[in-house]
Amino acid sequence: LRPTVDQMRGDVVPAIDGLLDPDTEEALLAAALIARAKVERTVPGHDPAPLRARVSSFLRRDLKGADAPRVAEAAALALGLLGDAGATNTLLGLALDDEEGRAHVGGPVPSRLRAFAAYALGLLGERTPDVDVRDAVRRGLLEVLERAPSTELDVRIGAVRALAVVPFPRPEPAARSRRAGVTRLDPATVVARLWRFVDEDGSVPADRGSALLRAQIPIAASRIDRDL
């Protein structure tokens with residue numbers, strides 16, 4: 001049987017919250033971050049802002065040990081699982097390794113964390129009902145894909161896979177965004193930009209990295225293209 005809302009609020013959430021502590025063993029803390037984000041969305045009328053701030057604090061930790069990076073990576077995924085629009089800029093900053101992302105981490109963003117943040121953006125876009133937030137996520141992911149160097153294969157693949165999970169609603173609302181002067185991307189435009197990326201990689205001798213990336217593009221395009 002599924003726990004009731006009262007049980008979630010009174011028993012499950014406090015139990016997980018007790019694990020969100022810097023002194024918790026890293027692997028357990030990473031699991032708790034993911035679990036807490038999933039639980040938050042099951043509680044009606046939840047306000048994600050306090051949890052978003054708490055989760056974000058684990059992006060920057062001076063941990064020593066084999067499991068240390070897992071905490072920051074789990075925190076990034078948790079922000080995506082929350083589906084909270086307020087985390088969009090944080091995740092995009094991490095994925096792009098820009099000034100905002102580095103401020104959260106306390107220095108250059110590791111490549112693996114960038115990849116996790118890119119995919120987390122897709123999870124956020126999948127969960128939010130706001131079509132303008134989804135559009136901002138798609139634009140951000142395309143920027144990540146186009147700006148990441150070829151040596152950062154995980155980042156590029158993370159961005160491609162994330163684009164595949166951000167849904168276009170049926171029917172798509174009017175293209176004009178609430179943001180002044182911005183027209184939302186349509187599926188055909190996203191697919192076309194992905195396909196140009198394949199053409200660019202296809203024009204040079206294929207190494208293992210470019211071959212793996214090219215293999216992701218048709219899969220993502222087919223999922224984006226299903227509503228065309």
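When a residue number appears, it is its place in the shown sequence, counting from 1. Since this is a predicted model, take the numbers as computed values, not measurements.
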Quiz item: Could you state the interatomic distance from OG1 (Thr4) to CZ (Arg9), rounded to the nearest 0.5 Å?
Solution: 10.0 Å
Practice problem: Over all heavy atoms of both residues, which pair between Ala118 and Leu141 is shortest? Give the atoms and the distance, please. | Solution: O-CD2, 3.3 Å
Quiz item: About how many Å separate OG of Ser57 and CG of Leu20, when rounded to the nearest 0.5 Å?
Solution: 8.5 Å
Quiz item: For the side chain of Glu143 and the backbone of Gly140, is there at least one donor-acceptor N/O pair under 3.5 Å apart?
Solution: no
Practice problem: Would you indicate whether the side-chain heavy atoms of Arg52 and Ser56 approach each other to under 4.5 Å? | Solution: yes
Exercise. Heavy atoms only: give me the nearest Ala76-Leu91 pair and the separation to one decimal.
Key: O-CD2, 3.6 Å
Exercise. Measure the spacing between CG of Leu213 and CG of Leu145 and express it to the nearest 0.5 Å.
Key: 6.5 Å
Exercise. Taking only Lys NZ, Arg NE, NH1 and NH2, and the carboxylate oxygens of Asp or Glu, determine whether Arg134 and Asp130 approach each other closer than 4.0 Å.
Key: no
Quiz item: Taking the side chain as C-beta and beyond, is there a heavy-atom pair between Leu124 and Asp84 under 4.5 Å?
Solution: no
Quiz item: Which heavy atom in Ala37 sits nearest to a heavy atom in Ala78, and how many Å separate them?
Solution: CB-O, 3.4 Å
Exercise. Would you indicate whether the side-chain heavy atoms of Pro69 and Leu113 approach each other to under 4.5 Å?
Key: no
Quiz item: Heavy atoms, side chains only, cut-off 4.5 Å: are His104 and Leu59 in contact?
Solution: yes
Practice problem: Can you establish whether the number of heavy atoms outside Arg112 located under 6.0 Å from its atom CZ is more than 12? | Solution: no
Exercise. Check whether any side-chain heavy atom of Ser150 lies under 4.5 Å from a side-chain heavy atom of Arg156, and answer yes or no.
Key: yes
Exercise. State, with a plain yes or no, whether a side-chain heavy atom of Asp11 is found less than 4.5 Å away from one of Pro3.
Key: no
Self-check item: Stepwise side chain to side chain contact (heavy atoms under 4.5 Å, CB included) check, Arg161 with Ile157
Solution: CA-CA 6 Å; Arg161 289 182 173 177; Ile157 289 179; 3.7 Å; yes
Quiz item: What are the two closest non-hydrogen atoms of Arg127 and Leu81, and how far apart are they?
Solution: CD-O, 3.2 Å
Exercise. Salt-bridge test for Glu146 and Arg193: reply yes if a basic N is under 4.0 Å from a carboxylate O, no otherwise.
Key: yes
Quiz prompt | Distance in Å, Thr90 OG1 paired with Glu100 CD, rounded so as to fall on 0.5 Å steps | solution = 5.0 Å
Exercise. Say whether Asp21 and Thr24, considering side chains only, have a donor N or O and an acceptor N or O under 3.5 Å apart.
Key: no
Quiz prompt | Phe168 side chain reached by Val190 side chain, heavy atoms, under 4.5 Å | solution = yes
Practice problem: Please determine if Arg70 forms a cation-pi arrangement with Phe116, meaning its NZ or CZ atom is less than 6.0 Å from the six-membered ring centre and no more than 45° off the ring axis. | Solution: no
Quiz item: Got a donor-acceptor contact below 3.5 angstrom from the Glu25 side chain to the Leu28 backbone?
Solution: yes
Quiz item: For Leu94 and Val109, which heavy atoms make the closest approach, and how far apart are they?
Solution: O-CG1, 3.5 Å
Self-check item: Single-linkage hydrophobic cluster Val165~Ile219, side-chain heavy atoms < 4.5 angstrom
Solution: no
Self-check item: Polar side-chain atom of Thr189 near backbone of Leu185 as donor-acceptor pair, under 3.5 Å
Solution: no
Quiz item: Between Asp97 and Arg102, is a salt bridge (charged side-chain N to carboxylate O under 4.0 Å, His left out) present by the stated rule, with each step listed?
Solution: CA-CA 6 Å; Asp97 189 22; Arg102 292 186 175 202; 2.9 Å; yes
Self-check item: Pairwise distance CG(Leu194) to CD1(Ile224) - rounded to 0.5 angstrom
Solution: 5.0 Å
Practice problem: Spell out, yes or no, whether Leu163 and Trp195 are grouped together once hydrophobic residues are joined by side-chain heavy atoms under 4.5 Å, including indirect joins. | Solution: yes
Self-check item: OH-CG distance between Tyr119 and Leu77, expressed to the nearest 0.5 angstrom
Solution: 9.0 Å
Practice problem: List for me each residue that meets salt bridge (Lys or Arg N to Asp or Glu O under 4.0 Å) alongside Arg36, sequence neighbours excluded, and say none if there are none. | Solution: Asp17, Glu40
Practice problem: Apply side chain to side chain contact (heavy atoms under 4.5 Å, CB included) to Gln216 and Val160, showing your working. | Solution: CA-CA 7 Å; Gln216 304 298 318; Val160 172; 3.9 Å; yes
Quiz item: Is the closest side-chain heavy-atom distance between Asp98 and Leu92 below 4.5 Å?
Solution: no
Quiz prompt | Same cluster (ILVMFWY, side-chain, under 4.5 Å), Leu33 and Leu19 | solution = no
Quiz item: Which pair of non-hydrogen atoms, one from Gly83 and one from Thr128, has the smallest distance, and what is that distance?
Solution: O-CB, 4.0 Å
